[in-house]
Undergrad: 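Sharing a structure, written as structure tokens. Questions coming.
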Amino acid sequence: MATNNKSTQSARLSGKTAKAEKTAPHRHNKLLKTNAVTMQQADASDALVAAMPYNSNKKLEHGHDNAVLPPDGITVKPDSAALTASTHTEQDGTTKTGAAARPGSNPANGPLDRVRVDASEQPLTTNQGVPVADNQNSLKAGLRGPTLLEDFILREKITHFDHERIPERVVHARGSAAHGYFEAYKALTRYTRAAPFAEKGKRTPVFVRFSTVAGERGSKDTARDVRGFAVKFYTDEGNWDLVGNNMPVFFIQDAMKFPDLVHAVKPEPHHGMPQAASAHDTFWDFVSLMPESTHMLMWLMSDRAIPRSYRMMQGFGVHTFRLVNQQGEAVFCKFHWKPLLGTHSLVWDEAVKISGADPDFHRRDLWEAIESGEFPEWELAVQIFTEEQAEGFSFDVLDSTKLIPEELVPLTPVGRMVLNRNPDNFFAETEQVAFCTAHIIPGIDFSNDPLLAGRIHSYVDTQISRLGGPNFHEIPINSPLAQVQNNQRDGMHRQAINRGRVAYEPNSLAGGCPFQAGSAGFISFPEAVREDKVRGKPEKFAEHYAQATLFYNSQTAIEKAHIAAAFRFELSKVEVPAIRQRMLSSLVNVSQELAAEVATGLGMTLPQAMPKAIAEPPPPQVTESPALSLKALPGECGIRTRQIAVLIDNGVHYPSLLSLYKALTDAGAVMHFVGPRVGTFVSSSNEQILANKSMENSPSVLFDALILPDGNDAVQTLAGCMDTTDFINNQFRHGKAILAVGAGRQLLKMVGIDADSTKANGILLADSSKVEEIASTFIKAVAAHRHPSRDAKPATT
Ligand code: HEM
């Protein structure tokens with residue numbers, strides 16, 4: 001027995017398990033490229049493999065170059081001093097944090113390169129750096145005896161595990177993020193001294209987190225909700241956070257109401273339901289009693305609240321900010337992000353089904369696009385206006401429930417943002433990043449928006465508890481590239497080892513360092529304040545409906561129908577009739593047409609309009625603004641990154657498939673062969689085709705378009721499969737482009753789709769010999785995103 005024990009032990013110690021496992025470096029592109037046997041390559045030989053989600057060698061065609069900031073591939077080994085200490089203190093007593101803290105480090109590499117760790121070829125150690133001999137077995141008194149308390153290795157491992165979770169964000173808990181850069185189109189020095197706009201072509205590293213608001217960290221991506229759009233600029237003069245949303249207005253006007261709003265929308269406190277949904281009594285009770293939320297409700301009930309992708313939605317700073325130039329002159333400003341891929345949304349039935357098929361739909365979409373080199377891009381535009389102009393508007397620019405129509409103040413493009421690197425570690429970066437509206441830099445300043453004022457306090461306050469103390473600015477993702485040097489000391493989780501005895505100013509013992517920067521530093525815009533101290537709101541804040549009406553009237557017919565359907569769905573989930581009634585009476589003030597449609601959908605009669613807070617509001621300057629429709633931004637990238645499903649089975653016609661595959665991948669689409677199961681299928685001419693997806697693991701809602709290829713045998717087998725019917729029906733119902741080739745037409749017939757009917761927009765038919773001719777028409781049909789004439793009525797939009 002004893003001999004056996006020893007031999008088992010020595011086998012363990014000399015065997016593979018005693019060594020650190022050699023893990024391949026984190027280089028997904030490499031892996032993807034290896035897997036990516038393209039159709040052309042496979043043509044001559046055997047398997048047709050389309051395992052790769054994107055054609056990674058393709059780049060967007062509108063002029064990206066390869067220069068990435070930060071460049072990938074820079075990895076700090078664990079033995080580097082930089083691994084643990086990203087902050088140190090100079091002889092003069094000043095603290096340096098970030099890249100600047102390390103001699104020889106190159107800030108151009110990006111904010112995180114100083115701490116990116118690659119553990120390949122390194123032995124496993126404890127947190128004290130002690131090499132671990134056996135990572136499989138706890139220490140026992142005999143093989144079948146009790147585990148010993150002495151086992152410091154087991155205890156350290158379990159203790160760390162026990163404390164791995166931190167509180168989730170109180171709102172915006174679920175999110176996904178990426179690194180990239182912002183590049184200025186031109187110097188904006190006339191208006192601002194902000195570092196990112198200092199000169200044409202200047203690049204500033206950014207980290208961007210997209211999120212839903214109401215759901216918990218593990219909730220679905222496709223909930224009907226506002227999306228967060230938070231950008232951290234690591235500028236030469238410190239971090240600037242533009243913490244925005246994908247809608248340009250907000251529910252409330254004053255921070256005083258934020259906790260009420262969030263309590264109302266979150267799961268109801270007695271039973272913890274519903275998750276990630278506004279369709280319940282407490283939310284509609286609150287908003288129906290708060291007419292100021294009506295404009296935002298129009299956005300929330302619109303398709304904006306169910307985006308197709310984070311890469312296909314706008315972002316807005318929401319509040320009015322100030323730009324301040326070197327001379328101290330200020331203008332007001334609103335920030336807009338416009339996606340190059342266009343603004344596109346899901347339809348509700350699709351969003352609901354996706355949440356079951358892939359709750360990570362948006363996270364996966366963003367990750368895969370960046371991994372494959374399809375870097376999402378947005379243009380930053382500003383609306384610049386003066387205080388005098390603002391006084392003439394029919395609304396107050398300090399009211400976050402109002403937007404400034406582009407007809408009143410046009411958008412000026414000032415730069416572009418490209419996201420070109422996924423985080424290395426979700427927790428370290430995406431979870432620990434701490435955005436804050438208080439993070440502004442010289443050249444940017446606040447306005448007196450009372451909602452913004454509350455936010456300036458709230459973010460840092462919540463992060464002190466979420467991230468465990470006042471030193472979370474030292475967490476690598478949060479630490480600026482600019483030097484940090486001040487006399488702040490100590491506190492929970494302090495990383496900096498401050499040297500010297502001076503931690504105060506003025507001092508003589510450290511030569512008076514660090515000095516305040518004077519006019520080179522941040523100076524608040526010296527706005528004159530002469531009013532009484534009051535709790536209240538300015539007159540124009542009392543008008544709640546004009547812009548809700550403006551939004552509704554600016555939508556296309558189909559968008560209006562979707563808004564009505566969303567109100568109908570949400571209010572149908574409300575159990576207290578008085579709440580429905582109250583909300584309807586508020587909608588009457590927005591649009592009689594909308595209110596009537598919703599009332600009919602709920603089986604109610606139209607109530608009287610809710611009394612308005614202001615009897616004779618100033619007439620709005622703009623009554624229709626086409627830019628408020630999703631259709632206003634079709635995008636410039638055609639079908640790049642669009643996911644196209646091809647249903648296959650044994651006997652599929654190979655040459656026509658190959659031809660389509662080439663045409664569509666050349667246009668940038670991502671092709672997926674979807675079978676009744678995954679694995680290899682054989683074409684009618686004996687080529688092998690690998691289905692990397694099945695109808696079971698990837699239902700049709702995950703794709704933008706569908707091809708039903710030719711091949712009698714394949715079609716016959718597919719026709720016998722119930723999943724095929726669901727697959728095609730959902731594609732049809734959701735208005736997506738469908739191309740049926742040769743015998744593939746029978747599948748359309750089988751599910752009762754008449755390709756010649758007027759409802760058949762975006763449904764194309766072709767013979768196998770003609771697929772090359774139809775390819776460009778199909779590309780246009782996919783680029784149209786959706787063919788809404790197929791929208792079913794009334795309950796299924
Ligand atoms: C008084 C009003 C508001 C308050 C008090 C407030 C408060 C908060 C808090 C406490 C968080 C969690 C922060 C964290 O744990 O790191 C948060 C996240 C966030 N808020 Fe607000 N918020 C307000 C309004 C808004 C508005 C108007 C917007 C959009 C313009 C917005 C956008 C965001 C975003 C994007 C995040 C997520 C940031 C991230 O990705 O980490 N919030 N908010």
Side-chain angles (χ1 to χ4, degrees), residues 166-179 206-217 221 225-232 239 241-266 290 292-293 295-296 299-300 304-305 310 313-321 334-337 362-363 366 398-403 419 423 426-440 446-469 472-473 475 477-478:
I166 60 170
E168 67 174 32
R169 289 168 176 82
V170 63
V171 281
H172 295 262
R174 179 165 181 82
S176 302
H179 294 271
V206 297
F207 188 67
V208 181
R209 183 173 180 271
F210 304 106
S211 49
T212 52
V213 179
E216 291 166 10
R217 190 154 50 192
D221 275 348
D225 201 349
V226 184
R227 296 300 185 284
F229 192 127
V231 183
K232 189 179 282 294
N239 286 353
D241 294 350
L242 185 53
V243 197
N245 280 341
N246 74 330
M247 298 174 191
V249 289
F250 202 63
F251 295 94
I252 49 171
Q253 297 171 320
D254 193 303
M256 192 66 127
K257 298 311 297 170
F258 190 73
D260 297 302
L261 167 72
V262 175
H263 291 171
V265 73
K266 283 274 184 181
M290 295 282 296
E292 71 195 47
S293 64
H295 184 197
M296 181 64 165
W299 287 81
L300 187 68
R304 305 262 181 171
Y310 288 140
M313 61 184 202
Q314 282 173 285
F316 302 91
V318 177
H319 309 279
T320 296
F321 289 90
K334 291 255 190 191
F335 294 102
H336 297 240
W337 295 106
H362 289 147
R363 179 174 293 180
L366 181 68
L398 302 184
D399 174 359
S400 276
T401 69
K402 310 289 186 331
L403 52 79
L419 298 183
F426 187 88
F427 178 82
E429 303 173 71
T430 308
E431 197 59 18
Q432 293 200 112
V433 67
F435 296 94
C436 178
T437 43
H439 295 166
I440 54 171
F446 311 120
S447 69
N448 289 335
D449 178 337
L451 190 68
L452 179 56
R455 297 183 74 195
I456 293 166
H457 160 73
S458 176
Y459 288 74
V460 76
D461 182 40
T462 195
Q463 284 150 3
I464 286 172
S465 92
R466 182 166 75 82
L467 298 168
F472 59 86
H473 61 280
I475 296 173
I477 193 68
N478 294 323

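Remember, it's 1-based here, ligands and their atoms both numbered in the order they're listed.
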Undergrad: Counting both backbone and side chain atoms, is some N or O of Ser211 under 3.5 Å from an N or O of ligand 1?
TA: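 Looking only at distances, the answer is no, because the N/O contact criterion of under 3.5 Å is not met.
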Undergrad: Please verify the inter-ring angle class for Phe229 with Phe210; under 30° counts as parallel, over 60° as perpendicular, anything in between as tilted.
TA: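 Answer is perpendicular, since the angle exceeds 60°.
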Undergrad: Take every heavy atom of Ala434, measure it against each atom of ligand 1, and state whether any distance is under 4.0 Å.
TA: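 Per 4.0 Å heavy-atom rule, Ala434 does not contact ligand 1.
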Undergrad: In the protein, what heavy atom is nearest to atom 38 (C) of ligand 1, and what distance, to one decimal place, separates them?
TA: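 Nearest neighbour among protein heavy atoms for atom 38 (C) of ligand 1, to 0.1 Å: Phe435 CD1, 3.9 Å.
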Undergrad: Quick one: nearest non-hydrogen protein atom to atom 40 (O) of ligand 1, plus distance?
TA: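 Atom 40 (O) of ligand 1 sits closest to the protein heavy atom Arg209 NH1, 2.6 Å.
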Undergrad: Taking C-beta and beyond as the side chain, do Ser176 and Tyr310 meet within less than 4.5 Å on heavy atoms?
TA: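 Yes, their side chains come closer than 4.5 Å.
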Undergrad: For the residue pair Arg455 / His319, report whether a side-chain donor-acceptor contact shorter than 3.5 Å exists.
TA: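 Arg455 and His319 do have a side-chain donor-acceptor pair below 3.5 Å.
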Undergrad: Is the shortest heavy-atom distance from the side chain of Val226 to the side chain of Met296 under 4.5 Å?
TA: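 Of all side-chain heavy-atom pairs linking Met296 with Val226, at least one is under 4.5 Å.
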Undergrad: Provide, to 0.1 Å, the distance between atom 25 (C) of ligand 1 and the closest protein heavy atom, together with that atom's residue and name.
TA: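 Checked against all protein heavy atoms, atom 25 (C) of ligand 1 sits closest to Arg455 NE, 3.2 Å.
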Undergrad: Closest non-hydrogen protein atom to atom 29 (C) of ligand 1, residue and atom name please, with distance?
TA: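 Heavy-atom neighbour on the protein nearest atom 29 (C) of ligand 1: Asn245 ND2, 3.1 Å.
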Undergrad: As an exercise, identify every atom of ligand 1 less than 4.0 angstrom from a heavy atom of Val318.
TA: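 Those of ligand 1 that fall under 4.0 Å from Val318 are 30 (C).
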Undergrad: Do the side chains of His439 and Val460 get nearer than 4.5 Å, heavy atoms only?
TA: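 Val460 vs His439: side chains apart.
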Undergrad: Would you mind checking which non-hydrogen protein atom is closest to atom 9 (C) of ligand 1, with the distance to 0.1 Å?
TA: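 Here the closest protein heavy atom is Val171 CG2, 3.7 Å.
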Undergrad: Can you confirm whether Val206 sits close enough to Leu419 that some side-chain heavy atom of one is under 4.5 Å from a side-chain heavy atom of the other?
TA: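 The answer is yes, as the side chains (C-beta and beyond) meet within the 4.5 Å cut-off.
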Undergrad: Relative to the heavy atoms of Val170, which atoms of ligand 1 are at a distance of less than 4.0 Å?
TA: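 With Val170 as reference, the close atoms of ligand 1 come out as 10 (C).
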Undergrad: Which residue and atom name correspond to the protein heavy atom nearest atom 19 (C) of ligand 1, and how close is it?
TA: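 Minimum-distance protein heavy atom for atom 19 (C) of ligand 1 reads His172 CD2, 3.1 Å.
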Undergrad: Identify, by atom number and element, the atoms of ligand 1 in contact range of Gly228, meaning under 4.0 Å from any of its heavy atoms.
TA: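 With Gly228 as reference, the close atoms of ligand 1 come out as 35 (C).
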Undergrad: Under 4.0 Å from any heavy atom of Val243, which atoms of ligand 1 are there?
TA: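 Selected atoms, number and element: 29 (C), 30 (C), 33 (C), 34 (C), 35 (C).
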Undergrad: Against heavy atoms of Ala255, which atoms of ligand 1 measure under 4.0 Å?
TA: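 Taking each heavy atom of Ala255 in turn, ligand 1 has 1 (C) under 4.0 Å.
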Undergrad: Do Leu261 and Lys257 touch side chain to side chain, with heavy atoms closer than 4.5 Å?
TA: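 Sidechains of Lys257 and Leu261: no contact.
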Undergrad: I'd like to check Phe251 versus Val265 (side-chain heavy atoms, cut-off strictly below 4.5 Å). Are they in contact?
TA: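 Heavy-atom side-chain distance check fails, nothing below 4.5 Å.
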Undergrad: Under the side chain to side chain donor-acceptor pair (under 3.5 Å) test against Gln314, which residue among His336, Arg227, Arg304 passes?
TA: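 Running side chain to side chain donor-acceptor pair (under 3.5 Å) over His336, Arg227, Arg304 with Gln314 returns exactly one hit, Arg304.
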Undergrad: Parallel, tilted or perpendicular: which describes the rings of Phe316 and Trp299, with under 30° parallel and over 60° perpendicular?
TA: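 Perpendicular, since the angle between the ring planes exceeds 60°.
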Undergrad: Around atom 13 (C) of ligand 1, find the nearest protein heavy atom and jot down its residue, atom name and distance.
TA: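 Scanning the protein heavy atoms, the shortest distance from atom 13 (C) of ligand 1 goes to Thr462 CG2, 3.6 Å.
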Undergrad: Go through the structure and list residues passing side-chain contact (heavy atoms from CB on, under 4.5 Å) with Phe426, not counting sequence neighbours.
TA: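 Result, side-chain contact (heavy atoms from CB on, under 4.5 Å) vs Phe426: Arg363, Thr430, Glu431.
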Undergrad: To the nearest 0.1 Å, how far is atom 20 (N) of ligand 1 from its closest protein heavy atom, and which atom is that?
TA: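 Going atom by atom, the protein heavy atom closest to atom 20 (N) of ligand 1 ends up being Tyr459 OH, 2.6 Å.
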Undergrad: Could you confirm whether Ser458 has any N/O/S atom lying under 2.8 Å from atom 21 (Fe) of ligand 1?
TA: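 So Ser458 does not bind atom 21 (Fe) of ligand 1 by this criterion.
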Undergrad: Counting only nitrogen or oxygen atoms and a 3.5 angstrom limit, does Arg466 reach ligand 1?
TA: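 For ligand 1, there is an N or O atom that lies under 3.5 Å from one belonging to Arg466.
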